[in-house]
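Model, not experiment: these values are computed from the prediction. A note on names: the letters A, B, ... follow the listed sequences, proteins ahead of strands, and every chain is numbered from 1.
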Amino acid sequence: MDVFALFSARIANAMQVLFPEAGADLIARIVVEPPRDASHGDLSTNAAMIVAKPLGKNPREVAAALVEHFKHDADVISVEVAGPGFINFRIATPIWHQVLKSIAEQGADFGRSTLGGGEAVNIEYVSANPTGPMHVGHTRGAVFGDTLAALMAFSGYEVSREYYINDAGSQIDTLANSSFLRYREALGESIEIPSGFYPGDYLIPVGEALKAEFGDSLLAMPEAERTPLIKDRVLAAMLELIKADLARLNIHHDVFFSERTLHGPGGDIELTLAWLREMGMIYEGRLEPPKGKAPEEWEDREQTLFRATDYGDDIDRPLIKSDGSYTYFAADIAYHRNKFLRGFKHMINVLGADHSGYVKRLQAATKAVSLNAADMDVRICQLVRLLKNGEPFKMSKRSGDLVTLADVVEEVGADATRFMLMYRRNDAAMDFDFALVKEQTKDNPVFYVQYAHARTHSIFKTAARDFPALDFSPAALAAADIERIATPAELDLVRVLAAWPRTVTAAAIAHEPHRVAFYVHELAAAFHAFWAKGKDDPSLRFVNSDDPKLTLARLALVDAVRQVIANALAILGVTAPEELS
RNA sequence: GCACCCGUAGCUCAGCUGGAUAGAGCGCUGCCCUCCGAAGGCAGAGGUCGGGGGUUCGAAUCUCUCCGGGUGCACCA
C-alpha cells in the first residue's frame, strides 16, 4: 500500500467533483507529499494553489472546500489550510496499521509497482572495450546501470541489460598484435613490447593458450590468415575476463551485443545507411573545422553526413571515414536501429564522463531510426577519485597505472563498493575513500545500514530468549495485535516505512537509483533512533518481558523494518546480513 | 570558441522535478552504557543555496547572464 498514492487519488477525485471546470491536466499537476516539517501533518497537497489561479478563485477558498470534503473522512484525523494555501492532512492510525499489514503480506514485493506496465526497456551499461580487465573508471557505470536495471524491474518494466562489445575497431587489431607478441613469448622468444601495444600481464595467458592450441604453426602463417584466428581467441578471453570482473560485483548482463556483427556486406550498417538515405537523412557535404582544434590537422573534404541537427544535435555527423570504412557513429546508429527493431521503445545508456559530448548525437540517432517513436535517456557517470585517508591513491598490479575493478573489490568488498558508488548522484564527481569504506562505524553508511538490518535479527534473538514459548513465525506476526502500535515514536517509524513505495516510484521515473540508497540510510537512522529511545524509556523497548502481546506487535514492526531494508538493499545489490562479524 | 555536468554549513554531500522556518554525516561543544548489540543515540553552534537580473502567489529548483571547477569537441573507439 502506498499512502501517498492512495490519498493522491482521493484528492484528485474530490477536486474533480468540487471543481469540474478544472481540466484533467490541471488536476494532474497536483502533488501530494510529506510536508518538509513533520509538525505540519502527515500529508500535504498544493491542490488549492494549483487550481485557484486558472479558475480565478482564491486559493484559501478552494482549500476550504476541500477541507470541508475531507472533514468527515474516517481515515483523516484533521485537515487544515496553512500558509498560502497548503492543505495538511493528519492520517488516522488505522491507515498506518494497514501499511504494516501490507508490508507483512507483500514481503519482498512491498514497493513493487506496475509503473512500467510491462513495457520493455533496454539498459546498456559498462560496454567497456574488450581489451583488458575492467578498471575502476568502469566500475561506477557498472554499478549504476545494474542498480538502475533492478530499480526499473522492480517498478514494472521488462528490463534487458545489455553490453555492447566494441570489437570492430583498430584497437582490436592492436589487441591481436599484442597477443601475438605474448604468443611468441610463450614459445620462448624474449620480447619487448613497443609503445602502442597493450602491455598488461593479462595477455600472457592468452599467449599460452594460443601456444597450446596452435603449437608454433602461427609463426609461419600469413598475417591475413593468422590475425582473425587470434582475434577470435583473444576477444573471447577478454570477454571472459570482463564477465568475471563484473561477477565480482554480482553484475550479469542479458545480452552481449557484438559490434562486429553489424559490419560486412548485408550487415546492419549497410542496411541502416540505405534506409537513412531513403529517408533523406543523409547528404554529402562539408563541415566547419572545430574551433578548439589546431587548423592544420583539419582536412576539408566532402563527407557523407547524417542530418543529426534535424534531431537536436549541434552539427551533422560523418558516417564514412576518408579510407572508406564506416565511422564508429555509423555503427552506433545501426546498433540503435537494431535495438528499436528488437522492440525497445525505451532505451537508457549509461556512459562515462568522457562520453558527455556523445549524448546529443546518440539521442539524435535514436530519434531518427525510430522516427521519434523511441526515447533515449543517457545517464553520465562522473569521475571517481580514489583516496586513502584523504590522499590520492594508486594501486597497480597487472595493468600499468590503472586501478582495476578487481583491486577495489578485493580491498573493500562488493557490498561496500556498490553501496558507496550509489550513495551519490551519478552526475557529480565523487571521492571514494578506502579508509572510510572499510570503517565499521556510523560514518560508513554501508555499515550503518547493514547494522540496522542485523539489529532487527538480534532483537528477535533477544525475544526468543525472553519468551521461549512465544511463536515468532510470520503467521504469528501477521496475527499480532497491531493496534498496540500507537505511540508517536512508533508511528514515526511507520511513516518512514510508508514512504518506501513512493520513493521507489519517484526514483524509477527519474532514473535516479541513488535515492534508494539515501532512503535506506534514512530508514536505518529512524530505526536506530527508535531503538535508542528504549534505553531512556523501557516501555518503548521492542521486547517487553511483562507484555507478550505488545512484544509481538512490536516485533511485527521490527519485521517490517527488516523487510523494507532488505527490499532496498536487494535493489542496490547489497547483502542484508543477519549479523555482523 | 562551442556543448554538457557541477557550484548548498569549515569538509563530503542530500534536497522527493516550483512549495512552508534549506537538511544529513564528518569535524567542533556538551550529554547518555547495572538497561533489547554504545558497531549506537540526544542536544547545541555553524548558511547571502557562486554573483546579478527575469518568470509568479512562491525559486536552491525554471530562464538569461557573468564568475569559478570538471569533461568533451571531423577522419579514434
If I pick the [atom1] atom on [M] and the same atom on [N], what distance separates them, to the nearest angstrom?
{"N": "rU71(B)", "M": "rA9(B)", "atom1": "P", "answer": "23 Å"}
{"N": "rU63(B)", "M": "rA3(B)", "atom1": "P", "answer": "14 Å"}
{"N": "rG23(B)", "M": "rC5(B)", "atom1": "P", "answer": "28 Å"}
{"N": "rA24(B)", "M": "rG41(B)", "atom1": "P", "answer": "13 Å"}
{"N": "rC6(B)", "M": "rA60(B)", "atom1": "C1'", "answer": "14 Å"}
{"N": "rU8(B)", "M": "rU48(B)", "atom1": "C1'", "answer": "12 Å"}
{"N": "rC13(B)", "M": "rG58(B)", "atom1": "C1'", "answer": "26 Å"}
{"N": "rC62(B)", "M": "rG7(B)", "atom1": "P", "answer": "10 Å"}

Exercise. I would like to know whether His514(A) and Tyr423(A) meet ring pair (Phe, Tyr, Trp, His ring centres under 6.0 Å); could you show each step before the answer?
Key: CA-CA 6 Å; His514(A) 75 275; Tyr423(A) 198 61; 9.3 Å; no
Practice problem: Give a yes or no on whether Arg301(A) atom CZ has more than 12 heavy-atom contacts from other residues, nucleotides or ligands under 6.0 Å away. | Solution: yes
Self-check item: Asp537(A) atom CG, over 12 foreign heavy atoms within 6.0 Å
Solution: yes
Quiz item: Taking protein heavy atoms under 4.0 Å as touching, what does nucleotides 10-25 of chain B look like 5' to 3' if B marks base contact, S marks sugar-phosphate-only contact and - marks none?
Solution: --SSSSBB-BB-----
Which pairs of donor and acceptor atoms, one on a side chain in residues 47-63 of chain A, lie under 3.5 Å apart (sequence neighbours left out)?
from	atom 1	to	atom 2	distance (Å)
Asn58(A)	OD1	Arg60(A)	N	2.8
Arg60(A)	NH1	Gly83(A)	O	2.8

For atom [atom1] of [X] and atom [atom2] of [N], their distance in whole Å:
{"X": "Lys360(A)", "N": "rC5(B)", "atom1": "NZ", "atom2": "C1'", "value": "12 Å"}
{"X": "Lys53(A)", "N": "rC57(B)", "atom1": "NZ", "atom2": "P", "value": "3 Å"}
{"X": "His528(A)", "N": "rG41(B)", "atom1": "NE2", "atom2": "P", "value": "6 Å"}
{"X": "Asp546(A)", "N": "rC36(B)", "atom1": "CG", "atom2": "P", "value": "16 Å"}
{"X": "Arg29(A)", "N": "rC57(B)", "atom1": "CZ", "atom2": "P", "value": "12 Å"}
{"X": "Phe472(A)", "N": "rC36(B)", "atom1": "CZ", "atom2": "C1'", "value": "12 Å"}
{"X": "Arg465(A)", "N": "rC36(B)", "atom1": "CZ", "atom2": "C1'", "value": "7 Å"}
{"X": "Asp537(A)", "N": "rC36(B)", "atom1": "CG", "atom2": "C1'", "value": "13 Å"}

Self-check item: Residue pair Phe86(A), His40(A): steps toward the ring pair (Phe, Tyr, Trp, His ring centres under 6.0 Å) verdict
Solution: CA-CA 10 Å; Phe86(A) 289 101; His40(A) 288 135; 8.2 Å; no
Practice problem: Would you classify rC31(B) as syn or anti? Syn applies when the glycosidic angle is within 90° of 0. | Solution: anti
Exercise. Please determine if Asp25(A) and Arg29(A) form a salt bridge, counting it only when a charged side-chain N lies under 4.0 Å from a carboxylate O.
Key: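 Looking at Asp25(A) and Arg29(A), the cut-off is not met.
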Quiz prompt | Cationic N near anionic O, under 4.0 Å, Asp173(A) to Lys231(A) | solution = yes
Polar atom pairs between nucleotides 31-35 of chain B and protein, under 3.5 Å, N or O only, would you list them?
from	atom 1	to	atom 2	distance (Å)
rC35(B)	O2'	Arg541(A)	NH1	2.7
rC35(B)	O2'	Arg541(A)	NH2	3.2
rC35(B)	O2	Lys535(A)	O	3.3
rC35(B)	O2	Arg541(A)	NH2	2.8

Quiz item: Partners of Phe527(A) by ring-ring contact (aromatic ring centres under 6.0 Å, His included), sequence neighbours excluded?
Solution: Phe542(A)
Practice problem: Can you sort out the partners of Phe447(A) under ring-ring contact (aromatic ring centres under 6.0 Å, His included), two or more places apart, ordered by chain and number? | Solution: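 Expected list: Tyr451(A).
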What protein N or O atoms touch nucleotides 75-77 of chain B N or O atoms at under 3.5 angstrom, if any, and at what distances?
from	atom 1	to	atom 2	distance (Å)
rC75(B)	O2'	Ser322(A)	N	2.9
rC75(B)	O2'	Ser322(A)	OG	3.4
rC76(B)	OP2	Lys321(A)	NZ	2.7
rA77(B)	OP1	Lys321(A)	NZ	2.6
rA77(B)	OP2	Tyr328(A)	N	3.4
rA77(B)	O3'	Gln171(A)	NE2	3.4
rA77(B)	O2'	Asn129(A)	OD1	3.1
rA77(B)	O2'	Asn129(A)	ND2	3.1
rA77(B)	O2'	Gln171(A)	NE2	3.4

Self-check item: Earlier contact from the 5' end, RNA chain B, for Val543(A) and Gln382(A)
Solution: Gln382(A)
Quiz item: Considering heavy-atom distances to RNA chain B, does Glu579(A) or Ile380(A) have its closest nucleotide positioned more toward the 5' end?
Solution: Ile380(A)
Quiz item: Within 45° of the ring axis of Phe4(A) and under 6.0 Å from its six-membered ring centre, is that where the NZ or CZ of Arg502(A) lies?
Solution: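 Output yes; distance and angle both within limits.
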Exercise. State whether a side-chain donor-acceptor pair under 3.5 Å links Glu124(A) with Asn349(A).
Key: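 The criterion, which ignores hydrogens and geometry beyond distance, is satisfied for Asn349(A) and Glu124(A).
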Quiz item: Is the distance from OP1 or OP2 of rG41(B) to the nearest side-chain N or O of Tyr448(A) less than 4.0 Å?
Solution: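 Checking rG41(B) against Tyr448(A), a side-chain N or O does come within under 4.0 Å of OP1 or OP2.
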Quiz item: Under 3.5 Å, side chain of Asp42(A) to main-chain N/O of Arg90(A), donor-acceptor pair present?
Solution: no
